[in-house]
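Down below is the structure, laid out as structure tokens.
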Amino acid sequence: MTSAGAAPVVVIGGGIAGLSVAFHLARWGAHAVQLFEREPALCGHSSGRNAAIYRQLADNELGVALAQRTAQLLDQGPAGLGPWLRTCGGLYVAASPEPLDRAASLAMKMSLSCERLSGHQLVEYAPVLADSGVSAGLLVPGDGVIDIHSVTEALARGARERGVRIQTNCGVEAIVAEQGRVAAVVLEGGRRVACRQVVIAAGAWASSLGAALGVPLPMVPMRRHLAVLDIELPPNSPVIWRLDDEVYFRAETGGLLASPCDESPCAPGLPATSLDALGLLADKLKSLAPSLAARAVSRAWACLRTFAADREFVAGPDPRLAGLHWLGGFGGRGMTEGLAAGEVCARGVLGQPHPLAEALSP
């Protein structure tokens with residue numbers, strides 16, 4: 001086994017999780033940070049194959065807080081980042097009032113601007129909902145569509161400019177522990193990089209790295225489908241998301257982007273597309289927006305959303321092994337909340353407190 005030098009901090013994974021924690025470490029002055037990504041390019045999996053929706057109205061206070069903090073961080077920079085959000089609003093609907101009541105209560109508690117809409121107002125705001133099975137909605141004006149390429153490029157550029165060494169085509173095969181703490185990582189081909197701290201930010205591959213090290217933290221990859229339908233909505237149309245029988249869609253250049261919010265366990269990698277999921281999408285759209293249900297699918301793909309057991313993010317040091325940190329379990333919320341979660345993780349690497357550290361602790 002050959003040596004490839006040393007790095008005080010190694011970040012494993014070049015998606016939104018790895019880029020976020022590397023960027024924060026660099027801007028706070030951490031030295032000799034190295035990020036290793038197994039694919040030829042950064043953000044080749046979940047971070048580059050998602051719906052790019054910025055949804056502040058999460059399921060709980062923690063999710064809303066992370067979404068709001070992510071927006072603050074993006075509004076402040078990184079340097080060179082242009083307009084990162086196309087603010088078109090998020091319109092959340094349901095067949096019964098209970099999900100909307102819970103969402104409105106959460107929004108009020110978190111000082112999140114929102115407006116209740118009646119059935120008539122819904123159709124005025126979103127004509128595509130005519131003849132739908134919903135009678136009320138909740139509009140969050142600040143939601144919209146993220147320029148994910150611009151955001152991830154800015155984070156990578158900002159990290160590199162501050163000294164982070166980012167290497168693609170460079171997978172990590174194992175993490176080495178000695179005398180009760182992290183000592184090194186082993187790269188593909190057997191090269192060894194000595195380090196004092198490692199952040200596992202490897203998305204669907206995270207669990208296998210921890211298990212091989214003897215510190216398992218189960219996180220399960222789930223397959224979800226997206227499809228572009230051959231109908232165009234006005235570009236300022238809101239993102240429409242049904243909260244009970246989950247399905248969402250939004251305007252997309254050259255079509256309409258939709259997802260049936262399906263979930264099925266899947267091995268890490270690029271998942272195959274299932275025709276059953278497209279049938280599920282048609283069924284769900286039939287009751288939400290009947291005019292969309294029969295539209296042809298111009299393209300479709302599947303991506304992975306990785307969940308921890310409690311479906312919350314994991315960000316922080318592992319108490320079982322000194323120098324080991326986790327950042328993952330984003331479950332499809334990485335673009336909305338990941339930059340804030342990376343801040344929590346980076347504080348842990350530096351041994352500094354953060355008000356959300358306990359809530360996100362492994």
Whether Arg55 side chain and Leu57 backbone form a donor-acceptor pair below 3.5 Å: yes

field: Residues forming a side chain to side chain donor-acceptor pair (under 3.5 Å) with Arg49, sequence neighbours excluded
entry: none

message: With salt bridge (charged side-chain N to carboxylate O under 4.0 Å, His left out) as the rule and sequence neighbours excluded, what pairs involving residues 272-296 come up?
response: Asp245-Lys284

- prompt: Does some side-chain heavy atom of Met222 sit less than 4.5 Å from a side-chain heavy atom of Ser264?
  reply: no

task: Ignoring hydrogens and angles, state whether a donor on the side chain of Glu312 or Asn60 is under 3.5 Å from an acceptor on the partner side chain.
output: yes

- line: Here the ring pair (Phe, Tyr, Trp, His ring centres under 6.0 Å) pairs for residues 59-90, sequence neighbours left out, are Tyr54-Trp84

field: Over 12 foreign heavy atoms within 6.0 Å of CG, Asp131
entry: no

query: Tell me, which pairs form a ring pair (Phe, Tyr, Trp, His ring centres under 6.0 Å) where one or both residues lie in residues 181-206, sequence neighbours left out?
result: His45-Trp205

- request: With side-chain hydrogen bond (donor to acceptor under 3.5 Å, both in side chains) as the test, would you mind laying out the steps for Gln167 and Gln34 before giving the verdict?
  value: CA-CA 8 Å; Gln167 298 180 66; Gln34 291 196 47; 3.0 Å; yes

message: Would you say that Thr336 contacts Ile53 through its side chain, given a criterion of any heavy-atom pair below 4.5 Å between the two side chains?
response: no

- line: Apart from Leu292 itself, members of its ILVMFWY cluster (side-chain separation under 4.5 Å) are Leu91, Val93, Leu117, Leu122, Tyr125, Val128, Leu129, Val134, Leu139, Leu229, Ile231, Leu233, Ile240, Val247, Phe249, Leu256, Leu281, Leu285, Leu288, Val297

message: Testing the 3.5 Å rule here: is there a donor-acceptor pair between the side chains of Gln121 and Ser118?
response: yes

query: According to the ring pair (Phe, Tyr, Trp, His ring centres under 6.0 Å) rule, which pairs have a member within residues 305-349, sequence neighbours left out?
result: Phe313-Phe330

message: Please check this pair: side chain of Asn236 against backbone of Cys88, looking for a donor-acceptor N/O pair closer than 3.5 Å.
response: no

task: Please confirm whether the backbone N or O of Ala41 pairs with a side-chain atom of Glu39, one donor and one acceptor, at under 3.5 Å?
output: no

message: Show every side chain to side chain donor-acceptor pair (under 3.5 Å) that has at least one partner inside residues 297-307, sequence neighbours left out.
response: Glu263-Arg305

- request: Indicate yes or no for a side-chain donor-acceptor contact from Thr168 to the backbone of Glu37 under 3.5 Å, with no hydrogens or angles considered.
  value: no

field: Asp59, CG atom: more than 12 neighbouring heavy atoms under 6.0 Å
entry: no

message: Can you give me the closest heavy-atom contact between Leu243 and Ala103, atom names plus distance?
response: CD1-CB, 4.4 Å

query: Does anything in residues 349-362 pair up under salt bridge (charged side-chain N to carboxylate O under 4.0 Å, His left out), and if so which pairs, sequence neighbours excluded?
result: none

- prompt: Hey, does the side chain of Ser47 reach the backbone of Ile16 with a donor-acceptor pair shorter than 3.5 angstrom?
  reply: yes

statement: Quick note, salt bridge (charged side-chain N to carboxylate O under 4.0 Å, His left out) partners involving residues 9-36, not counting sequence neighbours, are Arg27-Glu343

field: For Asp262, all residues meeting salt bridge (Lys or Arg N to Asp or Glu O under 4.0 Å), sequence neighbours excluded
entry: none

- request: Only pairs at least two apart or in different chains count here, so list each salt bridge (charged side-chain N to carboxylate O under 4.0 Å, His left out) that has a residue in residues 94-104.
  value: Asp101-Arg116

task: Return yes if some donor-acceptor pair links the side-chain N/O of Gln197 with the main-chain N/O of Val349 below 3.5 Å, else return no.
output: yes

- prompt: Under the ring pair (Phe, Tyr, Trp, His ring centres under 6.0 Å) rule, what pairs show up with a residue in residues 209-246, not counting sequence neighbours?
  reply: Trp241-Tyr248

field: Short side-chain to backbone donor-acceptor contact, His149 and Gly48, under 3.5 Å
entry: no

task: Identify whether Leu280 and Val228 are in the same connected component of the hydrophobic contact network (ILVMFWY, side-chain heavy atoms under 4.5 Å).
output: no

field: Ser361 (side chain) donor-acceptor with Ala357 (main chain) under 3.5 angstrom
entry: no

